There are 2 protein chains.
Amino acid sequence: MKVNGAPLKQGMLPGLLGYRLRLAQQAVFRDFSASVAEISPGRFGILLLIDANPGVTQSRLAQAVSLERSTMVGVLHALQGSGLVERRRGTDRRTNGLWLTPRGHALMARLKRRIQAHERRVASRLSAAEREQLLGLLGKLTG
Amino acid sequence: MKVNGAPLKQGMLPGLLGYRLRLAQQAVFRDFSASVAEISPGRFGILLLIDANPGVTQSRLAQAVSLERSTMVGVLHALQGSGLVERRRGTDRRTNGLWLTPRGHALMARLKRRIQAHERRVASRLSAAEREQLLGLLGKLTG
DNA sequence: AGCAATTGTTCGGGCCCCCAACAAATATGA
DNA sequence: TCATATTTGTTGGGGGCCCGAACAATTGCT
């Protein structure tokens, strides 16, 4: 077996928050995908918010997760195509109200435990206090 | 001016590390793109490593930044197309050695200050100690 | 009634990433 | 040395995630 030479010099790269955030997020994304094959992390978050706020508008939803309205369209189109979300025209006929379909509710119920397991696994190298600390620092970063 | 109703209920979403990481990374990405128009965060990292390890192989580079070899191909193709990176066949004729072109070196020199300013701006809401703490916790997460 | 603002949408663009399969080249071991 | 295994870069197809400009329909405002 051939042994690789010296490890690469990393320079300032490990000191850049953006780089470290990418590595961390990628690791989390990987674990999520491995444990929850039915849906992607981003779409799951959307479903979560619709579940907690039945009838919510696309714009409000987009704002809540820091996305553009135009981005939300595609996500919801996909979720609707999968039969997980229903769009209903609001009394303000410009708006669409969003609801989970029975299928959507069933999925969320089925996923709850697996998501919690995923979160435990992801944070397994952290103590409870460290996890809180991390969440807090990330919140500070976002502002 | 119309006032939006109650803020959305977020449910378990803010407690998910993946979600918070996405928000944070997106904020950092935005600031990077705004302050460094010439190149993307990912490509910048690649240039950094090539600069610090002249002649490095594509595979070793991919491994260093947790990417697949096949992913690296496209990135390097783009960087080569922009005249920032040069590929030379190694003595092991399976490999390509990677070097920055003069133009690549010039770019990196020109970007150094702006990247540092970007990093300061991104971490501006954090104390120096908190920033170190965050980097450490992210490192723990990745393992 | 007329102008301004909001909502959802389309369209085009970009970044980031993976897997399977493959040819060329090198390493390995009988 | 020759056959086999491994490594490297590559192509091709796929997916996730995100934005801005421009537009029609609808509503708010005056």
Side-chain angles (χ1 to χ4, degrees), chain A residues 1-5 18-19 21-34 36-46 56-63 65-82 85 87-98, chain B residues 1-5 18-19 21-23 25-30 32-34 36-46 56-63 65-82 85 87-98:
Chain A
M1 179 180 60
K2 173 173 175 192
V3 122
N4 267 349
Y19 177 68
L21 284 170
R22 180 182 74 85
L23 289 183
Q25 207 206 353
Q26 210 175 6
V28 173
F29 188 100
R30 243 188 271 276
D31 185 281
F32 188 105
S33 300
V36 181
E38 294 96 327
I39 203 170
S40 72
R43 302 211 217 284
F44 174 78
I46 301 297
V56 66
T57 268
Q58 296 188 198
S59 282
R60 295 232 297 151
L61 190 53
Q63 187 197 351
V65 292
S66 286
L67 289 183
E68 289 300 313
R69 295 197 314 279
S70 59
T71 304
M72 194 56 67
V73 174
V75 179
L76 291 174
H77 187 72
L79 290 176
Q80 193 176 26
S82 307
V85 164
R87 285 195 250 208
R88 260 182 255 161
R89 197 181 291 171
T91 48
D92 179 340
R93 305 222 310 275
R94 289 171 301 185
T95 67
N96 287 335
L98 302 170
Chain B
M1 178 179 63
K2 173 171 178 193
V3 120
N4 266 350
Y19 177 68
L21 285 169
R22 179 182 75 86
L23 289 183
Q25 206 206 356
Q26 210 175 9
V28 173
F29 188 100
R30 244 188 268 276
F32 188 106
S33 300
V36 182
E38 294 95 329
I39 204 170
S40 73
R43 302 210 217 284
F44 173 77
I46 302 297
V56 65
T57 266
Q58 297 188 195
S59 282
R60 294 231 299 149
L61 191 52
Q63 187 196 352
V65 292
S66 288
L67 290 183
E68 289 301 313
R69 296 195 314 279
S70 59
T71 302
M72 194 57 66
V73 175
V75 179
L76 291 174
H77 186 73
L79 289 176
Q80 193 175 27
S82 307
V85 164
R87 286 194 250 208
R88 261 181 256 161
R89 196 182 291 172
T91 48
D92 178 340
R93 304 219 315 274
R94 288 171 299 184
T95 67
N96 287 335
L98 302 170

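Proteins come first, then strands; the chains are lettered A, B, ... in the order of their sequence lines, and each starts at number 1. As the structure is a prediction and not an experimental result, all values here were calculated from the model.
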What is the distance, to the nearest angstrom, from the [atom1] atom on [X] to the [atom2] atom on [N]?
X	N	atom1	atom2	answer
B/Phe32	C/dG14	CZ	P	17 Å
B/Arg22	C/dC16	CZ	C1'	15 Å
A/Phe29	C/dC15	CZ	P	19 Å
A/Met72	D/dC19	CE	C1'	13 Å
A/Tyr19	C/dC16	OH	C1'	14 Å
A/Glu38	D/dG15	CD	C1'	17 Å
A/Ile39	D/dG15	CD1	P	15 Å
A/Arg43	D/dC17	CZ	P	6 Å

Does [X] put a side-chain nitrogen or oxygen below 4.0 Å from OP1 or OP2 of [N]?
X	N	answer
B/Arg60	D/dG9	no
A/Gln58	C/dT9	yes
A/Ser40	D/dC17	yes
B/Gln25	D/dC17	no
B/Arg87	D/dT8	no

Discussion item. If you assign each of B/His77 and A/Gly42 to its closest nucleotide in DNA chain D, which residue comes earlier from the 5' end?
Written reply: B/His77

Worksheet entry | Non-neighbouring partners of A/Ser40 that pass side chain to side chain contact (heavy atoms under 4.5 Å, CB included), sequence neighbours left out | A/Arg43

Worksheet item: Which residues satisfy the side chain to side chain contact (heavy atoms under 4.5 Å, CB included) test with B/Phe29, sequence neighbours excluded?
Response: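 Partners of B/Phe29 under the side chain to side chain contact (heavy atoms under 4.5 Å, CB included) test: B/Ser33, B/Pro41.
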
Worksheet, complete the sentence: As a check of understanding: the bend across the helix from C/dA1-D/dT30 to C/dA30-D/dT1, end axes from five pairs, rounded to 10 degrees, works out to 20°

Worksheet, complete the sentence: The contact string for nucleotides 18-25 of chain C, one letter per nucleotide 5' to 3', using protein heavy atoms under 4.0 Å with B, S and - for base, sugar-phosphate only and none, comes out as BBB----B

Worksheet, complete the sentence: Tightest non-hydrogen contact, residues A/Leu21 and B/Leu21, listed as CD2-CD2, 3.8 Å

Worksheet entry | Heavy-atom pair of closest approach, residues B/Val56 and B/Leu61 |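 Heavy atoms only, the tightest pair is CG2-N, 4.2 Å.
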
Discussion item. Applying salt bridge (Lys or Arg N to Asp or Glu O under 4.0 Å), can you list everything that pairs with B/Arg89, at least two apart in sequence or on another chain?
Written reply: none

Worksheet item: Can you list the residues that meet the salt bridge (Lys or Arg N to Asp or Glu O under 4.0 Å) rule with A/Glu68, with sequence neighbours excluded?
Response: none

Practice prompt. Scan for side chain to side chain donor-acceptor pair (under 3.5 Å) pairs involving residues 21-31 of chain A, sequence neighbours excluded, and state none if there are none.
Written response: A/Arg22-A/Gln26, A/Asp31-A/His118, A/Asp31-A/Arg121

Donor-acceptor list for residues 69-81 of chain A side chains, cut-off 3.5 Å, not counting sequence neighbours:
from    : atom 1 : to      : atom 2 : distance (Å)
A/Gln80 : OE1    : A/Arg87 : NE     : 3.1
A/Gln80 : OE1    : A/Arg87 : NH2    : 3.3

